[in-house]
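Take a look at the structure set out below.
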Amino acid sequence: LTTFFITLLLLLAIVVVLNRNKERASALVNALIERQARLNALFENVVDGIITIDERGIIASFNTSAERIFTYSASEVLGKNVSLLMPEPDKSKHDGYLETYLKTGNKKIIGFGREVTGRRKDGSTFPLDLAVSEMYIDGQRGFVGLTRDITQRKGMEAELQKLSSAVEQSPSSVMITNIEGVIEYVNQNFVETSGYAYLEAIGKKPSLLKSGVHPPQFYAKLWETILSGKEWLGEFCNRKKNGDL
């Protein structure tokens, strides 16, 4: 009878241990499922396009942002060579680049961000920021690329360049200061008119040109007007570097 009870207690203990292990296993599985769901949500909702390829250059994954950027659906590119997303001559040369890297380990783009040209489904091309990293999953080497369409940024840069050129070549003197009145920019006409070189003016205040002709109240009114967000229009006399008015 004693042996029976001991055996029963042992069986009960085994059942308790198994249940606890089952609970732990279940908790671990749930944690892994939650983690995978978070990773999937991140993969599909980031702004950047994420594309993974294997050693042959075959696309293994293609997130929602990549679909938006390249206008291909994932189903249209999965299992195909990533060169599909490139214009010539990169399209024809890509496999050679990849083969050279696998043989020599010489990196030209892997581990570095650079600006390249992408190709959409309709054949149109666009500027693209690309960063490629190497990865290993279950011992298999692959590559992950982060892509971002920079068409809008390049357009803004071009527009700013035009504005900068217009200001630099303006027949009028242009001075830009910060809110404390420290000079941050002067154009070429300012240099020619005032006699102060660019670096002589930068970091100084407009009082550099003060002539002594106007009373302090004149300048106080000027600053009061522009710091309130209004436009000041008027005439005043400046003094050149050589002392001429």
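Numbers here simply count residues along the sequence, with the first being 1.
- Looking only at distances, no side-chain donor or acceptor of Ser133 sits under 3.5 Å from a matching main-chain atom of Val144.
- Contact of the Leu245 side chain with the Arg239 side chain is registered, since non-hydrogen atoms from C-beta on lie closer than 4.5 Å.
- Residues Val182 and Ile202 are members of separate hydrophobic clusters, defined by side-chain heavy-atom contacts under 4.5 angstrom among Ile, Leu, Val, Met, Phe, Trp and Tyr.
- Phe62 and Val116 fall within the same hydrophobic cluster, defined by Ile, Leu, Val, Met, Phe, Trp and Tyr side-chain heavy atoms under 4.5 Å apart, directly or through other members.
- Checking side-chain atoms of Ser170 against main-chain N and O of Ala166 turns up no donor-acceptor pair under 3.5 Å.
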Contacts under 3.5 angstrom, residues 124-131 side chains, donor-acceptor by atom type, not counting sequence neighbours:
{"from": "Ser124", "atom 1": "OG", "to": "Arg120", "atom 2": "NH1", "distance (Å)": "3.2"}
{"from": "Ser124", "atom 1": "OG", "to": "Asp122", "atom 2": "OD1", "distance (Å)": "2.6"}
{"from": "Asp129", "atom 1": "OD2", "to": "Arg153", "atom 2": "NH1", "distance (Å)": "3.2"}

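- Between Leu102 and Arg141, the shortest heavy-atom distance links the atoms CD2-NH2, 3.3 Å.
- When the salt bridge (charged side-chain N to carboxylate O under 4.0 Å, His left out) test is applied to Glu88, no partner is found at least two apart in sequence or on another chain.
- Between Val186 and Tyr196, the closest side-chain pair of non-hydrogen atoms is not below 4.5 Å.
- For the atom pair OG of Ser164 and CD of Glu157, the computed distance is 12.5 Å after rounding to the nearest 0.5 Å.
- Taking 4.5 Å as the limit, every side-chain heavy atom of Ile59 sits out of range of all side-chain heavy atoms of Tyr72.
- Atom CZ of Arg56 has 12 or fewer heavy atoms from other residues, nucleotides or ligands within 6.0 Å.
- Hydrophobic clustering (side-chain heavy atoms under 4.5 Å, transitive across Ile, Leu, Val, Met, Phe, Trp, Tyr) keeps Tyr136 apart from Val132.
- Taking the six-membered ring for Trp and thresholds of 30 and 60 degrees, His214 and Tyr219 have ring planes more than 60 degrees apart, a perpendicular arrangement.
- Looking only at side-chain heavy atoms (C-beta outward), Leu146 and Ile50 come within less than 4.5 Å of each other.
- The two atoms that bring Gly181 and Pro206 nearest to each other are O-CD, 3.0 Å, heavy atoms only.
- Separation of atoms CD (Glu99) and NZ (Lys93) is listed at 15.5 Å; rounding is to 0.5 Å.
- Tracing side-chain contacts under 4.5 Å through hydrophobic residues (I, L, V, M, F, W, Y), one never reaches Tyr185 starting from Ile179; they form parts of separate clusters.
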Verdict with supporting geometry, Thr147 and Leu85, side-chain contact (heavy atoms from CB on, under 4.5 Å): CA-CA 11 Å; Thr147 64; Leu85 309 176; over 6 Å; no
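- Under the rule for a salt bridge (charged side-chain N to carboxylate O under 4.0 Å, His left out), the partners of Arg148 that lie at least two apart in sequence or sit in another chain are Asp48.
- Between the CD1 atom in Ile53 and the CE atom in Met135 there is a gap of 8.5 Å [rounded to 0.5 Å].
- Listed here is the closest heavy atom pair of Leu208 and Ala201: CD2-CA, 4.2 Å.
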Under the criterion side-chain contact (heavy atoms from CB on, under 4.5 Å), I'd like the reasoning laid out for Phe70 against Ile51: C-alpha separation, chi angles, the key distance, then a yes or no. CA-CA 11 Å; Phe70 292 95; Ile51 305 168; 3.8 Å; yes
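- Linking Ile, Leu, Val, Met, Phe, Trp and Tyr whenever their side-chain heavy atoms come within less than 4.5 Å leaves Met86 and Ile58 in two separate clusters.
- Within the model, atoms OG of Ser211 and NZ of Lys240 stand 13.5 Å from one another, a figure rounded to the nearest 0.5 Å.
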Met175 vs Ile183, side-chain contact (heavy atoms from CB on, under 4.5 Å): CA-CA, chis, key distance, verdict: CA-CA 7 Å; Met175 173 196 295; Ile183 299 172; 4.0 Å; yes
For a side chain to side chain donor-acceptor pair (under 3.5 Å) check, start with the C-alpha distance between Asn242 and Asp244, then their side-chain angles and the critical distance, and finish with the verdict. CA-CA 6 Å; Asn242 66 5; Asp244 291 346; 3.2 Å; yes
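- Other residues, nucleotides and ligands contribute more than 12 heavy atoms inside 6.0 Å of the CD atom of Glu115.
- Residue pairs that meet the salt bridge (charged side-chain N to carboxylate O under 4.0 Å, His left out) test with at least one member in residues 179-203, sequence neighbours left out, are Glu200-Lys241.
- Under the salt bridge (charged side-chain N to carboxylate O under 4.0 Å, His left out) criterion, Glu168 pairs with no residue at all, not counting sequence neighbours.
- For the pair Val174 and Phe190, the minimum side-chain heavy-atom distance is 4.5 Å or more.
- Taking each heavy atom of Thr193 and Ser173 in turn, the nearest pair found is OG1-OG, 3.6 Å.
- Side-chain contact check for Ser83 versus Asp90: every heavy-atom pair is 4.5 Å or farther apart.
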Could you tabulate the donor-acceptor pairs under 3.5 Å formed by side-chain atoms of residues 220-238, not counting sequence neighbours?
{"from": "Thr225", "atom 1": "OG1", "to": "Lys221", "atom 2": "O", "distance (Å)": "2.8"}
{"from": "Ser228", "atom 1": "OG", "to": "Glu224", "atom 2": "O", "distance (Å)": "3.3"}
{"from": "Ser228", "atom 1": "OG", "to": "Thr225", "atom 2": "O", "distance (Å)": "2.6"}

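- Rounded to the nearest 0.5 angstrom, Ser73 OG and Leu78 CG are separated by 8.5 Å.
- A donor-acceptor pair is defined here as one N or O able to donate and one able to accept, closer than 3.5 Å; no such pair exists between the side chain of Asp149 and the backbone of Ile69.
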